[in-house]
Chemist: 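Quick one: the structure is below, questions incoming.
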Amino acid sequence: MPKDVIIACDFASEAQTFAFLEKLGSERPFLKIGMELFYAAGPNIVRKLKDKGYKIFLDLKLHDIPNTVEKAMRVIADLGADMINVHAAGTVAMMEAAMRGVSAKGNARPLVISVTQLTSTDEARMQNELLIGKSLPETVLHYAQNAQKAGLDGVVCSPLEAESIHNALGSGFLTVTPGIRFADGEKGDQVRVATPAKARKLGSDYIVVGRPITEAADPAEAYARAVADFLGR
Ligand code: C5P
């Protein structure tokens, strides 16, 4: 079972990203590239980082009609990303199309995971605005089941949900968990947080850590600490 720390590179430009990566010295960690950096720097940044030996989680949260998602996923897989995500709200048919897209070439395909309900959506908004009448945990679990049915590898979720998702869907279904903070660190705008060690105990397969590493006085030390804490070394 893979266990790794993914650094969220929430930067506005390629220059800022490379300036940050220099601080990590010879380390070649798994990096998450989200919409901000991808739209600012363009797809080529994925190729450049892959050429330098980084692993890439492309966090673009695709959600469109199945045909469009299938074709977009084919292009994204060609960039060499190691992990990609889509919205489970796009339906099982859309997620199946996503899997066809990444598998089109028949080579080793990237991991594909899904977003269930965004953590910014609370139960009241989900029920009153989106007219989803079930509870939030029920909805998250059902969307995760849909993702598994469509052949996806896992979901993005809170570390606090990792255990129930593994219990329901098996330990092989990946949980990729943001909302990570060091015990002595700032929470910022995150509410339901866990330390890397707690995330490990709860069964997270990958933790996504942004500001506790990117804004640390010594990012290399913070990354090493996250790895040691998460992997229990
Ligand atoms: O800086 P921080 O550690 O809070 O960064 C967490 C990263 O994970 C950010 O890129 C954020 O957008 C992302 N994320 C999250 N919660 C989710 C999904 C993604 O914090 N439910």
Side-chain angles (χ1 to χ4, degrees), residues 4-13 16-17 20-21 23-24 29-41 45-46 49 54-63 81-90 111-123 125-126 130 136-137 139-141 143-144 147 152-162 164-165 174-200 202 204-217 219 221-223 225-227 229-230:
D4 210 348
V5 174
I6 304 178
I7 304 178
C9 288
D10 291 323
F11 298 112
S13 71
Q16 280 175 30
T17 307
F20 164 71
L21 293 175
K23 296 181 192 163
L24 299 179
F30 213 128
L31 306 176
K32 179 171 90 70
I33 296 180
M35 290 186 219
E36 181 189 15
L37 180 57
F38 188 78
Y39 293 143
I45 191 166
V46 179
L49 290 169
Y54 297 93
K55 288 194 274 304
I56 302 294
F57 168 20
L58 206 43
D59 178 18
L60 298 180
K61 299 185 178 70
L62 278 76
H63 187 178
D82 300 277
M83 184 186 288
I84 312 175
N85 62 2
V86 301
H87 267 285
L111 294 169
V112 183
I113 59 174
S114 82
V115 176
T116 55
Q117 283 291 327
L118 291 168
T119 45
S120 50
T121 308
D122 62 17
E123 189 167 273
R125 280 209 186 91
M126 187 188 79
L130 305 181
L136 190 61
T139 310
V140 166
L141 194 56
Y143 281 31
L152 271 69
D153 301 293
V155 286
V156 184
C157 64
S158 156
L160 309 175
E161 291 162 356
S164 61
I165 287 180
L174 301 175
T175 53
V176 179
T177 66
I180 303 295
R181 291 295 178 264
F182 293 121
D184 54 359
E186 289 286 319
K187 273 170 57 169
D189 53 358
Q190 295 279 15
V191 184
R192 298 171 69 227
V193 299
T195 62
K198 173 102 187 278
R200 166 170 52 89
L202 294 171
S204 286
D205 297 295
Y206 292 89
I207 53 171
V208 177
V209 189
R211 288 161 292 179
I213 295 175
T214 58
E215 293 181 2
E221 186 275 333
Y223 173 66
R225 188 173 159 200
V227 171
D229 206 25
F230 183 54

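Whatever order the structure lists them in is the order used to number ligands and atoms, beginning at 1. Note that the numbering runs from 1 along the sequence shown for the chain. Fair warning: this is a prediction, and the values are worked out from it, not measured in the lab.
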Chemist: What residues sit with at least one heavy atom under 4.0 Å from ligand 1?
Modeler: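 Within 4.0 Å of ligand 1, protein side: A8, D10, K32, T119, P178, R181, Q190, V208, V209, G210, R211, P212.
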
Chemist: Any idea how F30 and Y206 line up, ring-wise: parallel (<30°), tilted (30 to 60°), or perpendicular (>60°)?
Modeler: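 F30 vs Y206 ring planes: perpendicular.
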
Chemist: Run the salt bridge (charged side-chain N to carboxylate O under 4.0 Å, His left out) test against D153 and tell me which residues pass, sequence neighbours left out.
Modeler: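 Here the qualifying residues are R109.
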
Chemist: Going by side chain to side chain donor-acceptor pair (under 3.5 Å), name the residues that satisfy it together with R181, two or more places apart in sequence or in a different chain.
Modeler: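 Side chain to side chain donor-acceptor pair (under 3.5 Å) check on R181 returns nothing, list empty.
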
Chemist: Which residues pass the ring pair (Phe, Tyr, Trp, His ring centres under 6.0 Å) test with F230, sequence neighbours left out?
Modeler: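 Ring pair (Phe, Tyr, Trp, His ring centres under 6.0 Å) check on F230 returns nothing, list empty.
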
Chemist: Pair D10, K32 - check side chain to side chain contact (heavy atoms under 4.5 Å, CB included), show working.
Modeler: CA-CA 8 Å; D10 291 323; K32 179 171 90 70; 4.2 Å; yes

Chemist: Taking all non-hydrogen atoms of both residues into account, name the closest pair between P29 and Y54 and its distance.
Modeler: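 So the minimum-distance heavy-atom pair works out to O-CD2, 3.5 Å.
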
